[in-house]
Amino acid sequence: MNNFENRVYNFIRKKKMISPGSKVLVGLSGGADSTALLLVLWELKRLLQIDLLAVHVNHCIRKEAGEDADFARRLCEKLGVDFILVKKDIPAMSAEWKMTEEEAGRKVRYDAFTEIAKENDVSYIAVAHHQNDVAETLLMNLLRGSGIHGAGGIRPVREKIIRPLLCVDRKEIEDYLEERHQDYCHDATNDENIHTRNIIRNVLLPSMEKEINAGTVDHLCRAAEEFSKIDDYIRRQTGQYFDRIARCAENETKLDLVMFRDLDDIFKPDILLICLEKLTPHRKDITYNHIEALLDLAKDKEGSAKLDLPYDLSAERNYDTLTIFRKDTKNSLKSNERYNIPQLMDVGDKIDICIPNLGMAHIEILQYNVGKLFPTTSYTKWFDYDRIQEAVFRQRSRDDFIYVEQGEALCKKKISKLMTDEKIPRAERDEMFLLASGSEVIWLPGYRMSGAYKISETTKKVLSINIVS
């Protein structure tokens, strides 16, 4: 075992990457990095007590792609490693999925690795990222405006994915292959400085190493490792806070803004990201600006406000609740359903009506005895039945009003204004059922009954309604 192999072996043990007796799938492009990865794992297979399977994905982008596949196959035959070839038309797929070819290629590779791993009883998927990749990714994410999560870089282990070469840099990999007299494929597109990563790889990092510090890659890798520890801590804490202050349904997530506002600012963006992740698997089009807008929405305390987001999502603040939802599931439940209380009911008559969004209304006509105490709870009310011409449970209408008491007088008030004063979330108002006579609201269950229908000394018959959810 040479120095390179010894370092990789100790790194695998330190990070507890592989369990003895496992099968490891190696992503083999045929380039220097993946060729070195397959060779070193093949050299260590007895020590690690593992079996190997190599998978090559032909992206059909370059003319030389078929030659790369042939090289990968021959190398596996030479080493006695099982080989699987996957061929996908990435240019066509990227156009169909509206992704860059780089993004589509990455998705296809990992989808193929995952599927083949399931079919072949594979425990780990080994990919060939190394220290230069970590440094490049850190710089690229920082330049794009990423925060702590982007700075965390590439992890040695993430679920089934392992990266045994994160302990070495590109030069060490090339030196190892030269020592082994092992050739490899070269992708000429990596030399073209037309993509951000290539500019960082071929221009920025070499300049930093030459002009600023020869240990740039090593220092950036150490920084990324520290950022990843901070990132892990923030994610753990954020998850705990989220469970405490959020309520999730299939198509919406609600946040208690009173508790949210008390949290340290460092956790708030991540909590909002979790809310979004509960509703969409996509993150590409959700930017820092969207999170800032959500933070501003959550910060305000007065009234209601709304914000449109990517992927057909919206956010709506109603006083101390922030709801993030899918637009197509937040359509108003406004309907023409009407539930009439029969007219000319007499003392002793009873009826039950099931009211949507409220519950079962137990309705009874009672004889009133002056001085008798009557209920005053939010969902049990007595009304002067002699004054009621009509009583219908329905959803609100534009012209609805209610009479409220102000001293000795009764004042007419728009039901929309009452709902605002009661801080009823705007998204819920059209879904609520109320008791009305024409445009006059007799009762908004849970909130207010009209002063015009209260029991008095002249009351003879009582309309008793008890709503049980």
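Here L204 contributes atom CG and N198 contributes atom CG; the two are 12.5 Å apart, rounded to the nearest 0.5 Å.
The 12-atom threshold is not exceeded at CD of E178, counting heavy atoms of other residues, nucleotides or ligands nearer than 6.0 Å. For L47, the CG atom counts as densely surrounded, since its 6.0 Å shell holds more than 12 non-hydrogen atoms of other residues, nucleotides or ligands. Counting heavy atoms of neighbouring residues, nucleotides and ligands inside a 6.0 Å radius, atom NZ of K413 exceeds 12 of them.
For the residue pair R429/T420, the side-chain donor-acceptor check at 3.5 Å is satisfied. Side-chain N/O atoms of H362 and N466 include no donor and acceptor closer than 3.5 Å. With 3.5 Å as the limit, one finds no donor-acceptor pair spanning the side chains of D169 and N132. The closest side-chain donor-acceptor pair between R197 and T137 falls under 3.5 angstrom. In summary, the side chains of D33 and H130 do present a donor paired with an acceptor at a separation below 3.5 Å, with no hydrogens or angles considered. Judged purely by distance below 3.5 Å, without hydrogens or angles, the side chains of E179 and N2 pair a donor atom with an acceptor atom.
Shown here are the salt bridge (Lys or Arg N to Asp or Glu O under 4.0 Å) partners of K423, two or more places apart in sequence or in another chain: there are none. Partners of D296 by salt bridge (Lys or Arg N to Asp or Glu O under 4.0 Å), not counting sequence neighbours, listed by chain and number: K299. Listed by chain and number, the residues in a salt bridge (Lys or Arg N to Asp or Glu O under 4.0 Å) with D121 amount to none (sequence neighbours excluded).
Between F4 and Y176, the ring centre distance stays below 6.0 Å. A ring-centre distance under 6.0 Å is found for F267 and Y241.
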Using distance only, find each side-chain donor-acceptor pair of residues 154-167 under 3.5 Å and give its atom names and separation, not counting sequence neighbours.
from, atom 1, to, atom 2, distance (Å)
R155, NH1, D232, OD1, 2.8
R155, NH1, D232, OD2, 3.4
R155, NH2, D231, OD2, 2.6
K160, NZ, V122, O, 3.1
R163, NE, H129, ND1, 2.9
R163, NH1, R155, O, 2.9

Report all side-chain donor-acceptor pairs from residues 69-86 shorter than 3.5 Å, counting only partners two or more places apart or in another chain.
from, atom 1, to, atom 2, distance (Å)
D70, OD1, R73, NH1, 3.2

Pair up each side-chain donor or acceptor in residues 22-32 with any protein partner under 3.5 Å, not counting sequence neighbours, and list the distances.
from, atom 1, to, atom 2, distance (Å)
S22, OG, S19, O, 2.6
K23, NZ, N120, O, 3.4
S29, OG, G31, N, 3.1
S29, OG, S34, OG, 3.1

message = Let's go through I291 and L276 carefully: what are the C-alpha distance in whole Å and the side-chain angles of both, what is the deciding distance for side chain to side chain contact (heavy atoms under 4.5 Å, CB included) to 0.1 Å, and is it a yes or a no?
response = CA-CA 10 Å; I291 299 301; L276 296 171; 4.1 Å; yes
key: Check against side chain to side chain contact (heavy atoms under 4.5 Å, CB included), Y9 and L48   = CA-CA 8 Å; Y9 175 66; L48 296 172; 3.8 Å; yes
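Taking the charged nitrogens against the carboxylate oxygens, E226 and K229 do have a contact shorter than 4.0 Å, which makes a salt bridge. Using a cutoff of 4.0 Å between basic side-chain nitrogens and carboxylate oxygens, R180 and E5 are scored as salt-bridged.
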